[in-house]
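Labels below follow one simple rule: chain letters A, B, ... track the order of the sequence lines, proteins then strands, and each chain is numbered from 1. Atom set for the values below is all heavy atoms of this structure, side chains included, hydrogens, waters and symmetry mates excluded.
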Amino acid sequence: MLATAAGAARNAEKGHMNMLAREVAVARLRGIVGRDLRVLADEYGVTVFLSGRLNKGWAGLTLERFLGLSAGNKQIPDTKDWELKLVPLKRVGNMYVPKETMAITMINPEHLIDQDFEHSHLLHKLQSLVVCGREFENREEKHSRLVSVGTFDLANREIRKQVRKDYDLVRETLRSKGFEYLTGAMGVLVQPRTKGPGHGSTSRAFYARTGFLEVILGLR
DNA sequence: CTATGATCATCC
DNA sequence: GGATGATCATAG
């Protein structure tokens, strides 16, 4: 583990091996576009339903297994310096559009106050995304084809500027009013919204609104 | 318990 | 049907 972490650190310094790893991951994922992720989930033993209840992350976990990535609750897995995301897509005519928003990263109040946008988890994650789309049929989740694999790095100046504005708004609201005042109504491209196990948990995360998600997916 | 993988449920 | 808050399984 130490050797692996040290190697990852060296690669991060060179900024080369990890970039390559991301491209390799993209290539591997593109190799299974069209495959039914439900079948893959069964092959990897990923729980989809338990006692009639859905494991909402089943498809994402299935792709992690496919790539051999570590699961767990680390904010930045040392096995990669990029972020893998899988979003459900719905058909509208002959086009695919995001079924809903996409959670980006958890909001840590202390970190949000201490770090400006340039040093935020939000920016770092949005700068190195591998975004996949899967076809969402219905809540039965009988089948789900992997339909797209792409990358995103927040290169567009205008988009980046707006994301920074959203970040600053959330940050300023936290400073002046408090964590509890962070609501999903805030933000143009990115919004702060509750996320977590529920049942009283008060945690929040940054989400990409569907319009922004369309940009991220390269749909426009 | 919290963060990660996310989507569900409800309200308008 | 979209927007916002609530929640599910898993793993450390």
Side-chain angles (χ1 to χ4, degrees), chain A residues 1 5 25 29 37-38 40-42 44-93 95 97-112 120-122 124-125 128-142 144 146 166 169-170 173 179-214 216-217:
Chain A
M1 290 301 272
L29 290 169
L37 298 180
R38 252 322 289 271
L40 270 185
D42 289 341
Y44 291 121
V46 173
T47 301
V48 177
F49 284 100
L50 184 64
S51 303
R53 286 183 298 190
L54 177 68
N55 174 2
K56 300 176 180 179
W58 76 267
L61 294 172
T62 297
L63 288 189
E64 288 194 333
R65 294 289 186 83
F66 171 74
L67 292 174
L69 300 178
S70 62
N73 66 342
K74 296 184 180 67
Q75 48 185 199
I76 302 175
D78 58 18
T79 49
K80 59 182 174 62
D81 66 345
W82 44 274
E83 205 44 36
L84 176 66
K85 295 290 183 186
L86 207 220
V87 299
L89 305 176
K90 61 181 181 183
R91 252 191 190 294
V92 173
M95 202 67 192
V97 298
K99 173 173 172 289
E100 48 190 314
T101 56
M102 179 185 80
I104 303 170
T105 187
M106 214 64 184
I107 294 177
N108 177 306
E110 293 70 39
H111 179 85
L112 179 57
S120 67
H121 287 323
L122 177 65
H124 292 315
K125 298 220 175 189
S128 58
L129 245 39
V130 170
V131 212
C132 303
R134 72 181 180 92
E135 179 157 40
F136 177 83
E137 292 183 342
N138 53 54
R139 296 190 177 91
E140 304 289 294
E141 299 285 25
K142 291 273 179 37
S144 184
L146 179 63
D166 291 344
L169 170 62
V170 176
T173 300
F179 190 72
E180 302 304 314
Y181 285 81
L182 268 41
T183 161
M186 306 170 66
V188 176
L189 298 179
V190 166
Q191 62 177 170
R193 215 160 98 226
T194 57
K195 179 191 190 296
H199 304 286
S201 73
T202 176
S203 52
R204 286 170 171 73
F206 280 112
Y207 288 78
R209 289 182 179 278
T210 51
F212 183 31
L213 191 47
E214 288 184 10
I216 291 176
L217 288 165

S.K.: Rounding to an integer number of Å, can you tell me how far A/Gln191 CD sits from C/dG2 P?
M.R.: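 In whole Å, C/dG2 P and A/Gln191 CD are 14 Å from each other.
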S.K.: Among C/dT4, B/dA6, C/dA9, find the nucleotide with the atom closest to the side chain of A/Thr183.
M.R.: C/dT4
S.K.: NA contact type, A/Gly184, heavy-atom cut-off 4.0 Å: base, sugar-phosphate, or nothing?
M.R.: sugar-phosphate
S.K.: In whole angstrom, give the distance that lies between atom CZ of A/Arg204 and atom P of C/dG5.
M.R.: 8 Å
S.K.: Give A/Gly57 one of three labels, base, sugar-phosphate or nothing, depending on what nucleic acid heavy atoms sit under 4.0 Å from its own.
M.R.: base
S.K.: May I ask you to decide if A/Ala185's main-chain N or O and A/Thr183's side chain share a donor-acceptor pair within less than 3.5 Å?
M.R.: yes
S.K.: Please report the C-alpha distance between A/Thr202 and A/Arg204 in whole Å, then the side-chain angles of each, then the deciding distance to 0.1 Å, and finally whether the side chain to side chain contact (heavy atoms under 4.5 Å, CB included) criterion is met.
M.R.: CA-CA 7 Å; A/Thr202 176; A/Arg204 286 170 171 73; 3.6 Å; yes
S.K.: Nearest 0.5 angstrom please: A/Ile107 CD1 to A/Phe206 CZ, how far?
M.R.: 4.0 Å
S.K.: Tell me the interatomic distance from A/Leu61, atom CG, to C/dA11, atom P, rounded to whole angstroms.
M.R.: 8 Å
S.K.: Applying the side chain to side chain contact (heavy atoms under 4.5 Å, CB included) criterion to A/Pro98, which one of A/Val87, A/Leu217, A/Ile216 satisfies it?
M.R.: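 Exactly one candidate clears the test, A/Leu217.
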S.K.: To the nearest 10°, give me the bend of the helix from B/dC1-C/dG12 to B/dC12-C/dG1, comparing the axes of its five terminal pairs at either end.
M.R.: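 Axis angle across the helix from B/dC1-C/dG12 to B/dC12-C/dG1, nearest 10°: 30°.
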S.K.: Nearest 0.5 angstrom please: A/Lys195 NZ to A/Ser201 OG, how far?
M.R.: 9.5 Å
S.K.: Hey, which of these two, A/Thr101 or A/Lys195, hits DNA chain C nearer its 5' end, going by closest nucleotide?
M.R.: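 Its nearest nucleotide being more 5', the pick is A/Thr101.
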S.K.: Could you tell me the separation between the CG atom of A/Asn108 and the C1' atom of B/dT4, rounded to a whole number of Å?
M.R.: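 Distance, rounded to whole Å: 15 Å.
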S.K.: Closer to the 5' end of DNA chain C via nearest nucleotide, is it A/Gly200 or A/Glu100?
M.R.: A/Glu100
S.K.: Is there a side chain to side chain contact (heavy atoms under 4.5 Å, CB included) between A/Thr173 and A/Leu182? Walk through the geometry before answering.
M.R.: CA-CA 7 Å; A/Thr173 300; A/Leu182 268 41; 4.0 Å; yes
S.K.: Write down the distance between CD1 (A/Ile104) and C1' (B/dG5), rounded to a whole number of angstrom.
M.R.: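 Computing the A/Ile104:CD1 to B/dG5:C1' distance gives 15 Å.
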S.K.: Using a cut-off of strictly less than 4.0 Å, decide whether A/Lys85 has a side-chain nitrogen or oxygen near OP1 or OP2 of B/dT7.
M.R.: no
S.K.: Of all the nucleotides listed (B/dC8, C/dT10, B/dA6), which has the minimum atom distance to the side chain of A/Leu50?
M.R.: C/dT10
S.K.: Just to be sure I understand the rule, does A/Leu63 reach a base, reach only the sugar-phosphate, or reach nothing, if contact means heavy atoms closer than 4.0 Å?
M.R.: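 Nothing: the residue A/Leu63, judged by heavy atoms under 4.0 Å, touches no strand.
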S.K.: Look at A/His199 and C/dC8 and indicate whether a side-chain polar atom (N or O) is within less than 4.0 Å of OP1 or OP2.
M.R.: yes
S.K.: Check whether any side-chain nitrogen or oxygen of A/Arg53 sits under 4.0 Å from OP1 or OP2 of C/dA9, and answer yes or no.
M.R.: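 A/Arg53 to C/dA9 OP1/OP2: side-chain N or O found under 4.0 Å.
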S.K.: Counting just side-chain N and O atoms, does A/Arg209 come under 4.0 Å of either OP1 or OP2 of C/dG2?
M.R.: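 No.
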S.K.: Specify the separation, in whole Å, of atom CD of A/Glu64 and atom P of B/dG5.
M.R.: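 One finds 6 Å between P of B/dG5 and CD of A/Glu64, rounded.
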S.K.: Could you walk me through whether A/Leu29 and A/Phe66 pass side chain to side chain contact (heavy atoms under 4.5 Å, CB included), step by step?
M.R.: CA-CA 8 Å; A/Leu29 290 169; A/Phe66 171 74; 4.0 Å; yes
S.K.: State whether A/Glu140 and A/Arg38 are salt-bridged, where the test is any N-O pair (Lys NZ or Arg NE/NH1/NH2 against Asp/Glu carboxylate O) under 4.0 Å.
M.R.: no
S.K.: Want to settle it: does A/Val87 or A/Ile107 sit nearer the 5' end of DNA chain B, counting the closest nucleotide to each?
M.R.: A/Ile107
S.K.: Quick one: A/Lys56 NZ to B/dC8 P, roughly how many Å, whole number?
M.R.: 7 Å
S.K.: Which nucleotide, C/dC8, C/dA3, B/dC8, lies nearest any side-chain atom of A/Leu54?
M.R.: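 Of all the options, the side chain of A/Leu54 is nearest to B/dC8.
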S.K.: Taking A/Leu37 as the fixed residue, which of A/Val48, A/Asp42, A/Leu146 is the one that meets the side chain to side chain contact (heavy atoms under 4.5 Å, CB included) rule?
M.R.: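 Only match with A/Leu37 under side chain to side chain contact (heavy atoms under 4.5 Å, CB included): A/Leu146.
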S.K.: Nearest of B/dC8, B/dG5, C/dA3 to any side-chain atom of A/Asn55?
M.R.: B/dG5
S.K.: If you pin A/Met106 and A/Arg139 to their nearest nucleotides in DNA chain B, which one's is more 5'?
M.R.: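 Looking at the nearest nucleotide for each, A/Met106 comes out on the 5' side.
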S.K.: Just to be sure I understand the rule, does A/Arg193 reach a base, reach only the sugar-phosphate, or reach nothing, if contact means heavy atoms closer than 4.0 Å?
M.R.: base
S.K.: Have a look at A/Ala185 and say if it touches a base, only the backbone sugar-phosphate, or nothing, with a 4.0 Å heavy-atom cut-off.
M.R.: sugar-phosphate
S.K.: Rounded to whole angstroms, how far apart are OH on A/Tyr207 and P on C/dA3?
M.R.: 15 Å
S.K.: Counting only side-chain N and O atoms of A/Arg134, is one of them less than 4.0 Å from OP1 or OP2 of B/dT7?
M.R.: yes
S.K.: Is any side-chain N or O of A/Thr47 under 3.5 Å from a base N or O of C/dA9, one able to act as donor and the other as acceptor?
M.R.: no
